[in-house]
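All remarks here apply to the structure that follows.
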Amino acid sequence: MKVLFVCLGNICRSPMAESLFVSKLQDLSCEYVVESAGTGDWHAGQPPDRRTRAVLQQNGIEHYSLARQVTKSDFEQFDHIIAMDEQNRDDLLRWPGARKDKVSLMMSWVEAPPTMNVPDPYYGTQEDFELVYELLDEATSELLAQLQRN
Ligand code: 4NP
């Protein structure tokens, strides 16, 4: 099972989703490939935003990867391409080679989501990153539970 988390810059939300999801997989024996990417390329090659790293570290999560942009081949490689907000999803649906059947919204995996969009915390405060963490903690648990069931 191959899962790609996508946001705009790939330095705040999607690397947090990736790290949370990977941390939840550690006790499972089944094989997952988990990556994240951005619809934009401005931060390619950079580690996650220091506020994302801080909130992950506070929660005992060490894993993170470097930013990259979405590619056409991601639509072939991955089974699920999961967008953080509706803008990211709409951009993915217009991507060259887009596989619409593989694209979903992160919060759509939650049964009664408080919001359909994981808010962009980039221009916000550490508290905004903590709110994003809470949303993604629940959403990645629900995602994993559903993928394990199917
Ligand atoms: P992300 O947040 O999409 O959650 O990684 C952002 C990061 C960078 C920018 C915007 C959002 N930016 O404009 O550079």
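Just follow the structure's listing: the first ligand is 1, and inside any ligand the first atom is 1.
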Intermediate values then yes/no, side-chain contact (heavy atoms from CB on, under 4.5 Å), Ile11 and Thr52:
CA-CA 8 Å; Ile11 54 169; Thr52 282; over 6 Å; no
Just wondering, more than 12 heavy atoms not from [X] lying within 6.0 Å of its [atom1]?
X      : atom1 : value
Gln57  : CD    : no
Gln46  : CD    : yes
Gln148 : CD    : yes

Which segment of Asp120 sits under 4.0 Å of ligand 1 when only heavy atoms are counted:
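Answer for Asp120: side chain.
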For ligand 1, indicate whether the residue Met84 contacts it via side chain, backbone, both or neither (heavy-atom separation under 4.0 Å).
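Under 4.0 Å from ligand 1, Met84 contributes no heavy atoms.
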Polar atom proximity, [X] to ligand 1 (N or O, under 3.5 Å):
X     : result
Ile11 : yes
Trp42 : no
Cys7  : no

May I ask you to say whether Lys24 pairs ionically with Asp137, meaning some side-chain N is under 4.0 Å from a carboxylate O?
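Salt bridge: yes.
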Under 4.0 Å from a heavy atom of His43: which atoms of ligand 1 are those, numbered in the order shown and with their elements?
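In order of number, 8 (C), 12 (N), 14 (O).
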In ligand 1, which numbered atoms sit nearer than 4.0 Å to a non-hydrogen atom of Leu8?
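Close to Leu8: 3 (O), 10 (C), 11 (C).
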Where is the nearest protein heavy atom to atom 9 (C) of ligand 1: which residue, which atom, and how far?
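I find the closest protein heavy atom is Tyr122 CD2, 3.5 Å.
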In the protein, which heavy atom is nearest to atom 4 (O) of ligand 1, and how far is it?
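Result: Arg13 NE, 2.7 Å.
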Is the closest heavy-atom distance from Met16 to ligand 1 below 4.0 Å?
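Contact absent.
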Closest approach of Trp95 to Val70 (non-hydrogen atoms, all atoms of both residues)
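Of all heavy-atom pairs spanning Trp95 and Val70, the closest is CZ2-O, 3.4 Å.
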Do the side-chain N and O atoms of Asn88 and Asp85 include a donor-acceptor pair separated by under 3.5 angstrom?
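Yes, Asp85 and Asn88 have a side-chain donor paired with an acceptor closer than 3.5 Å.
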